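Given the structure is predicted, the values throughout are model-derived calculations rather than measurements.
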Amino acid sequence: MNKKATYSILGICFAVLMASVFIANLLLPDKKFSEEENRVLQEIPEFSLSSYMEGRYEKKLESYVNDQFLLRNAFIKIKTASDVTAGKLESNGVYRCKDQYLMEGITSPNEKSQKNTLSGLKQFKNRYKKLKMYFILAPNAANILEDKLPAFVKTADQNQYIDNFYKEIQEYGYLPVDVRDKLKEYASDGKTQLYYRTDHHWTTDGAFLAYKQAVKTMKLADNVSYKRYIVKNDFRGTLASKSGFTNGQNDPLTIYMPDNDKDYNNSVIYYADSKTKTTEFYQLNNLDKKDAYTVFGGSNHPMYTIKTPTENEEKLLLIKDSYANSMIPFLAQNFREIVVVDPRYYFDNIDDLIKAEDITQVLFLYNANTFFEDHSLEMMLAS
């Protein structure tokens with residue numbers, strides 16, 4: 001067989017392969033969530049003239065193609081294996097760091113999105129001038145543990161982003177709960193592990209320190225002592241899956257229980273999406289799942305309520321991302337009721353919810369990376 005015929009056959013095979021992949025992508029149902037990356041995947045966007053003119057439609061369409069591509073995870077693993085063999089220290093936005101840490105880089109705010117979010121926060125506070133409102137932007141590991149990043153990595157200045165944001169919302173009437181100094185203090189002694197080595201979340205110890213700062217700023221009662229329990233010794237988080245790096249060290253996963261847990265077990269947690277109730281803050285059955293971090297409240301829920309037997313009559317609206325999940329059991333000691341809302345999945349009217357639940361305080365809790373790249377909060381506050 002001559003070269004021309006060989007090339008023709010190879011060309012036909014390649015065309016058939018590409019056509020098969022294209023058809024498979026059209027026929028197979030879209031995936032909504034990636035367990036490997038612990039994030040919601042982009043679904044096919046709805047077309048509108050305004051989104052097309054502003055460039056949002058093309059951006060979402062590009063994300064959709066990337067997220068829903070056939071055998072996407074397999075291709076990522078192949079690429080990562082190649083990168084590791086070549087000695088690369090970065091894969092899919094994750095760095096191999098000192099002391100076997102895997103860390104994401106620092107996300108820079110989108111100027112337009114940030115402007116819209118700030119506008120939404122201002123309007124929200126103006127609607128509820130009498131409600132006390134607080135905001136925690138949790139710094140990410142690449143900020144607090146910057147010294148562990150590879151020498152060549154120069155991240156964006158997350159502290160400057162947080163400072164600018166806090167300054168802006170203070171003018172609207174929000175009170176920031178700045179947890180950075182507390183975390184840096186404990187990071188410097190090297191005795192307390194604040195972030196998981198293979199996951200983007202802070203540890204329960206890190207969340208507890210942030211809670212202690214919230215107690216001071218929000219003037220909450222601090223009369224509960226806790227016992228710390230290790231419930232899993234081999235926790236391996238989503239950054240290991242996302243990057244494909246195998247060097248990250250497994251970690252213990254811990255929970256905190258009050259010394260006197262009599263009243264603690266009398267709390268009732270109601271998940272509106274599944275219409276289920278429980279008295280357990282920690283879902284220990286999830287420890288054997290791929291994402292064992294779901295021991296803290298389970299999967300991401302649009303909205304759920306926590307009713308407690310505490311004497312405090314205050315009712316808290318907690319607007320959050322998953323960083324809040326490991327802090328919620330602590331906050332439950334300070335409020336008669338907590339209404340938990342995740343704007344990424346909550347599509348009802350937030351004003352109706354505040355009125356129905358007779359909310360008296362509001363706390364926003366996000367990690368800075370998620371907050372500066374997410375658009376869901378601005379959309380919810382504009383409702």
Side-chain angles (χ1 to χ4, degrees), residues 131-136 138 175 177 179 182 201-229 231 253-274 276-287 293-342 346 353-354 356-367:
L131 292 186
K132 294 180 181 178
M133 295 192 184
Y134 305 91
F135 214 115
I136 299 177
L175 187 57
V177 180
V179 302
K182 175 74 75 173
H201 292 103
W202 54 17
T203 63
T204 316
D205 298 325
F208 184 67
L209 291 174
Y211 166 72
K212 286 293 189 180
Q213 185 60 47
V215 164
K216 292 181 180 179
T217 305
M218 299 172 69
K219 296 181 171 55
L220 304 175
D222 190 12
N223 52 10
V224 179
S225 57
Y226 293 89
K227 291 180 181 177
R228 181 178 179 273
Y229 298 92
V231 292
L253 195 152
T254 64
I255 64 173
Y256 281 50
M257 295 293 292
D259 284 339
N260 181 5
D261 60 0
K262 179 180 178 182
D263 289 340
Y264 191 74
N265 289 329
N266 288 331
S267 297
V268 177
I269 306 169
Y270 176 69
Y271 297 104
D273 54 341
S274 59
T276 56
K277 289 183 180 180
T278 181
T279 60
E280 303 293 335
F281 283 95
Y282 301 111
Q283 298 188 14
L284 299 180
N285 290 337
N286 287 352
L287 290 172
Y293 186 78
T294 56
V295 70
F296 304 108
S299 59
N300 292 309
H301 301 275
M303 187 275 288
Y304 63 95
T305 59
I306 304 168
K307 294 187 178 181
T308 75
T310 59
E311 295 181 0
N312 191 339
E313 294 294 333
E314 297 287 321
K315 296 183 178 181
L316 178 72
L317 171 62
L318 176 61
I319 300 174
K320 60 86 180 182
D321 68 7
S322 58
Y323 257 56
N325 294 358
S326 53
M327 192 195 287
I328 287 172
F330 306 128
L331 289 169
Q333 304 300 305
N334 300 104
F335 295 92
R336 172 58 59 87
E337 182 178 352
I338 301 178
V339 180
V340 184
V341 170
D342 190 328
Y346 185 78
L353 182 63
I354 291 173
E357 298 293 340
D358 198 20
I359 296 298
T360 60
Q361 295 189 36
V362 181
L363 171 63
F364 294 81
L365 200 170
Y366 281 82
N367 80 83

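Between the NZ atom of K320 and the CD1 atom of I338 there is a distance of 12.0 Å, given to the nearest 0.5 Å. Atom NZ of K307 sits about 15.0 Å away from atom CG of N266, to the nearest 0.5 Å. Summarising the geometry, atom CG belonging to L363 is positioned 9.0 Å from atom CG belonging to L317; distances are rounded to the nearest 0.5 Å. Atom OG1 in T254 sits 4.5 Å away from atom CZ in R228 (nearest 0.5 Å). We find the CE-CG distance between M303 and L318 to be 13.0 Å, quoted to the nearest 0.5 Å. Separating the OG1 atom in T276 from the OH atom in Y271 is a distance of 7.0 Å, to the nearest 0.5 Å.
Contact detail for Q283 and T294: the closest heavy-atom pair is CB-O, 4.3 Å. Contact between D321 and D342 at its shortest, heavy atoms only, is CA-OD2, 4.5 Å. Heavy atoms only, all atoms of each residue included: I306 and V340 are closest at CD1-CG2, 4.2 Å. Of all non-hydrogen atoms in D259 and S225, the two that sit nearest each other are OD2-OG, 2.5 Å. The two residues F335 and M218 have their closest heavy-atom pair at CZ-CE, 4.2 Å. Counting all heavy atoms, side chain and backbone alike, W202 lies closest to A210 at CH2-CB, 3.5 Å.
Checked by atom type and distance alone, the side chain of N334 never pairs as donor or acceptor with a backbone atom of L220 at under 3.5 Å. When atom types are taken as modelled, the side chain of T217 and the backbone of V177 share no donor-acceptor pair closer than 3.5 angstrom. T308 places no side-chain N or O within donor-acceptor distance of the main-chain N or O of S267, the cut-off being under 3.5 Å. A donor-acceptor distance shorter than 3.5 angstrom exists from the side chain of R336 to the backbone of T310, with no hydrogens or angles considered. Between the Y226 side chain and the F208 main chain, no donor and acceptor come within less than 3.5 Å of each other.
Side-chain contact check for Y282 versus F296: some heavy-atom pair is nearer than 4.5 Å. Between Y293 and N325 the shortest side-chain heavy-atom distance falls below 4.5 Å. At a threshold of 4.5 Å between non-hydrogen side-chain atoms, the residues K182 and K216 count as touching. In this structure, the side chains of Y346 and L353 come closer than 4.5 Å at one or more pairs of heavy atoms.
In the displayed structure, K315 atom NZ is contacted under 6.0 Å by more than 12 heavy atoms of other residues, nucleotides or ligands. Within 6.0 Å of CG in D273 there are more than 12 heavy atoms belonging to other residues, nucleotides or ligands.
Taking the six-membered ring for Trp and thresholds of 30 and 60 degrees, Y256 and F330 have ring planes more than 60 degrees apart, a perpendicular arrangement.
Remark: D222 engages K212 in a salt bridge, criterion side-chain N to carboxylate O under 4.0 Å.
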Q.
Walk me through whether Y211 and V179 qualify under side chain to side chain contact (heavy atoms under 4.5 Å, CB included).
A. CA-CA 9 Å; Y211 166 72; V179 302; over 6 Å; no
